[in-house]
2 protein chains.
Amino acid sequence: MVKIQEVAERAGVSLTTVSHVINHRDRVSPALRERVERAIAELGYIPNRQAQGLRTGRTNAIAIMIPDIGAPFYTELVRGLQTACDSEGLDALIYNTDVPGGHSEDHGLHYLRMIEKRGVDGLIVADAALHRIQHELLKVTVPTAFIGNLPNGAVDSIEQDGFDSAYRMGKYLISKGHTRIAHVTGPSFFNMSMIRQAGFEHALADAGHPIDDSLRYEGTFLPPAGHDAVRWLLERHSNNMPTAIFFASSRMARAALAALADRGIRVPGDIAVASYDLTKDLEDVRPRLTTIGVDPADLSRGALKLLNERVSGAYSGPPRRIVLPATLEVHMTA
Amino acid sequence: MVKIQEVAERAGVSLTTVSHVINHRDRVSPALRERVERAIAELGYIPNRQAQGLRTGRTNAIAIMIPDIGAPFYTELVRGLQTACDSEGLDALIYNTDVPGGHSEDHGLHYLRMIEKRGVDGLIVADAALHRIQHELLKVTVPTAFIGNLPNGAVDSIEQDGFDSAYRMGKYLISKGHTRIAHVTGPSFFNMSMIRQAGFEHALADAGHPIDDSLRYEGTFLPPAGHDAVRWLLERHSNNMPTAIFFASSRMARAALAALADRGIRVPGDIAVASYDLTKDLEDVRPRLTTIGVDPADLSRGALKLLNERVSGAYSGPPRRIVLPATLEVHMTA
DNA sequence: AACGCTTTGCAAAACGTTTTGCAGCTGATA
DNA sequence: TATCAGCTGCAAAACGTTTTGCAAAGCGTT
């Protein structure tokens with residue numbers, strides 16, 4: 001492993017100068033800088049990150065906490081983050097808490113401790129279950145950004161505009177002539193669920209077709225709930241089916257599509273289907289789902305930006321909150 | 001940040017002793033060790049990884065190269081690796097080359113360089129496209145393990161038994177009474193494709209029903225090829241449809257299921273469908289696919305084990321090769 | 001009591017950087 | 001010519017560990 005000293009000898013300067021060339025370009029004359037840079041290239045010198053880290057106190061690594069890397073939303077969140085980190089020379093450490101329902105605060109806390117031990121420059125939390133332990137997030141000694149709705153804003157956060165998105169989807173379905181619409185929500189213990197629900201139902205009410213309470217079903221965001229919802233629909237409403245159904249997550253909607261197919265119910269012929277989310281996996285689903293949502297990569301990038309400003313010290317004011325507007329993708333199911 | 005010196009003072013010993021307690025338990029008396037450990041606990045001391053790394057030359061990080069984290073096989077490979085790494089105190093760095101077709105060696109090389117610069121203790125390559133640049137893998141200075149078929153065994157590798165799996169699926173379909181079976185392969189530039197193809201076609205031949213060349217279609221492993229294959233099937237064989245179709249990847253099979261549904265072709269009523277792979281996402285597909293494959297997490301764990309033995313120096317002989325047998329999962333599509 | 005062997009703990013060096021004073025040189029000003 | 005200011009580059013300290021000799025102490029054997 002070639003070290004800074006060898007570069008210095010080859011360039012005929014002191015080791016300090018080489019370091020300056022690397023870290024403070026402008027503090028060394030152009031001529032000398034060029035000489036040093038050539039030496040670096042010739043020797044293929046690569047700074048030792050451990051040594052740099054030891055000296056500067058930085059690790060150049062950030063951690064991201066997610067509940068389930070298998071869920072398309074999180075997969076893409078991670079991919080987006082990786083890409084963004086790569087271009088800044090940061091390592092991204094994935095902490096997959098693997099509690100698909102995202103319900104276990106304890107488990108989340110355990111990971112929070114692990115991450116603190118690990119020593120990273122910053123932390124991105126993208127696990128909605130943890131919004132309820134934001135006081136714990138505050139105690140974490142590294143700068144933190146939250147992806148999702150964080151009611152009392154303990155730390156910087158970035159989220160989708162859930163109310164507006166669901167509202168727009170409601171208006172869209174109404175505009176297609178639907179007035180009797182079933183709604184499969186997320187679990188009520190997530191803020192996010194309640195926000196989307198409120199947005200959707202406001203749209204229906206504003207259009208003069210307030211939702212019939214019996215058409216609301218509380219799901220989990222997870223695939224099995226899609227199957228359950230279809231079963232519920234057929235058991236409770238087979239004599240008077242709604243003309244459309246809106247799911248609060250595309251995973252539930254996908255599963256529901258399968259369940260409907262199992263029963264020979266045609267989409268959108270017999271019932272229209274729409275859902276939240278905007279992920280790439282949906283491109284291969286047939287029939288193609290009509291959905292509304294935000295590109296997860298936009299959330300990652302935003303979170304990393306917030307975080308970097310904290311880490312670098314460029315910003316140190318009170319917690320900020322970014323809300324991204326969603327995109328409606330109309331396809332054949334609704 | 002509490003450092004080793006403070007622990008030493010609190011325990012009333014020298015800093016060296018504390019280090020020994022941490023790294024060479026048996027070189028310090030039980031009584032003293034206990035005293036030191038209590039001091040560590042009381043102060044909440046956490047060794048500085050950068051300093052450790054600088055001194056020992058280890059980074060305690062490994063990298064994994066994959067072509068597309070969005071593909072379920074790789075998602076689960078990563079999850080499995082993360083879990084395995086966590087339990088050993090290692091960081092896993094994901095390098096997602098993002099060339100879904102997995103066709104670009106250049107791109108792979110670029111990442112290989114990046115990873116070398118990054119400084120990791122070991123590297124796991126799970127990108128089949130790179131089997132053709134194994135001479136480059138050899139040049140990489142860090143220990144490397146390959147996940148997949150590596151013909152000339154430049155480095156340690158672990159793979160699924162592609163021939164046997166496909167052979168067994170062939171036999172299974174025959175046992176269900178199919179004799180005219182279409183086969184959608186992977187791209188011919190992957191060894192893996194040819195291996196699976198050989199296994200499958202051997203089974204048919206052994207059963208006395210060798211495949212009709214016109215029933216073979218070269219796919220890409222990717223979803224769009226599933227659609228293409230269905231189009232091909234209908235254009236070329238609509239007058240004499242095969243009774244079953246075997247896909248070399250579940251992503252193609254899933255897409256084909258969608259394409260068949262688009263056209264009102266029932267599965268397995270009109271045609272049976274089977275595929276390679278064993279990933280969790282398939283649990284939510286309807287109709288449920290009959291598939292054969294290996295749990296990706298088993299591959300990760302195996303690769304990490306091979307790698308660790310190299311890193312620790314426990315093994316330093318010639319490259320090893322592990323071949324894992326697959327599991328057949330029979331469901332309703334075939 | 002003297003000897004040697006084993007156990008135990010210490011001091012100091014080393015890992016490869018970054019950064020802080022500080023010194024030397026240059027050229028301009030008085 | 002003497003002085004001053006501004007550049008430029010250097011030497012040395014510091015970051016927090018691990019590890020290598022070494023010394024001291026304990027213990028059993030002769």
Side-chain angles (χ1 to χ4, degrees), chain A residues 1-40 43-61 89 91 116-121 141 311-313, chain B residues 1-37 39-40 43-61 89 116-121 141 311-313:
Chain A
M1 171 122 293
V2 31
K3 57 182 83 170
I4 214 172
Q5 178 64 43
E6 303 172 35
V7 174
E9 280 163 15
R10 173 145 194 152
V13 298
S14 90
L15 136 184
T16 314
T17 306
V18 177
S19 178
H20 275 146
V21 168
I22 297 171
N23 300 292
H24 313 279
R25 292 182 57 74
D26 40 338
R27 288 201 45 175
V28 50
S29 72
L32 199 47
R33 181 200 308 160
E34 205 265 338
R35 211 163 88 217
V36 171
E37 275 167 349
R38 194 166 56 233
I40 289 180
L43 272 63
Y45 166 73
I46 299 167
N48 178 311
R49 293 178 57 127
Q50 318 259 4
Q52 286 182 315
L54 178 55
R55 175 60 228 226
T56 60
R58 288 279 196 82
T59 56
N60 284 316
D91 290 339
E116 261 189 304
K117 284 200 180 190
R118 169 53 184 71
V120 290
D121 290 342
T141 53
V311 173
S312 69
Chain B
M1 169 125 294
V2 32
K3 58 181 81 169
I4 213 171
Q5 177 66 44
E6 303 172 35
V7 174
E9 281 163 15
R10 172 144 195 154
V13 297
S14 90
L15 135 184
T16 314
T17 305
V18 177
S19 178
H20 275 146
V21 168
I22 296 171
N23 300 292
H24 313 280
R25 291 182 57 71
D26 40 337
R27 288 200 47 174
V28 50
S29 72
L32 199 48
R33 182 200 307 160
E34 204 264 341
R35 210 164 89 218
V36 171
E37 274 167 350
I40 289 181
L43 273 64
Y45 166 72
I46 299 167
N48 178 310
R49 293 178 59 126
Q50 318 259 2
Q52 287 181 315
L54 177 57
R55 175 60 226 227
T56 61
R58 287 279 197 82
T59 56
N60 285 315
E116 261 189 303
K117 285 200 181 188
R118 170 53 185 70
V120 290
D121 290 340
T141 52
V311 173
S312 69

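Below, read A as the first sequence line, B as the second, and so on, with proteins coming before strands; counting in each chain starts at 1.
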Could you pull out the closest heavy-atom pair between [X] and [Y], with the gap in Å?
X	Y	result
A:Y45	A:V2	CD1-O, 3.3 Å
B:E37	B:V21	CG-CG1, 4.0 Å
A:R49	A:D91	NH2-OD2, 3.4 Å
A:V311	A:R58	O-NH2, 3.7 Å

Open item on the list: Apply side chain to side chain contact (heavy atoms under 4.5 Å, CB included) to residues B:S19 and B:T16 and explain how you reach the verdict.
Closed with: CA-CA 5 Å; B:S19 178; B:T16 314; 5.5 Å; no
Task: Step-by-step side chain to side chain contact (heavy atoms under 4.5 Å, CB included) determination, A:E116 to A:T141 - done: CA-CA 7 Å; A:E116 261 189 304; A:T141 53; 3.6 Å; yes
Open item on the list: Counting the atoms with a prime plus P, OP1 and OP2 as sugar-phosphate, which does B:R27 contact under 4.0 Å by heavy atoms, base, sugar-phosphate, or nothing?
Closed with: base
Task: Selection: residues 8-19 of chain A, any non-hydrogen atom under 4.0 Å of DNA chain C - done: A:L15, A:T16, A:S19
Side-chain donor-acceptor pairs of residues 6-13 of chain A under 3.5 Å, sequence neighbours excluded:
residue: A:E9; atom: OE2; partner: A:Q5; partner atom: NE2; Å: 3.2
residue: A:R10; atom: NE; partner: A:E42; partner atom: OE1; Å: 2.8
residue: A:R10; atom: NH2; partner: A:E42; partner atom: OE1; Å: 3.0

TODO: Would you mind telling me which residue lines up with the more 5' stretch of DNA chain C, B:H20 or A:T56, judged by nearest nucleotide?
DONE: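 Of the two residues, B:H20 wins.
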Open item on the list: Could you tell me the boundaries of the chain B footprint on DNA chain D, defined by atoms under 4.0 Å from its heavy atoms?
Closed with: D:dG16 to D:dT20
Open item on the list: Consider side-chain contact (heavy atoms from CB on, under 4.5 Å). Of A:R55, A:Q52, A:Q50, which one does B:L54 pass it with?
Closed with: A:Q50
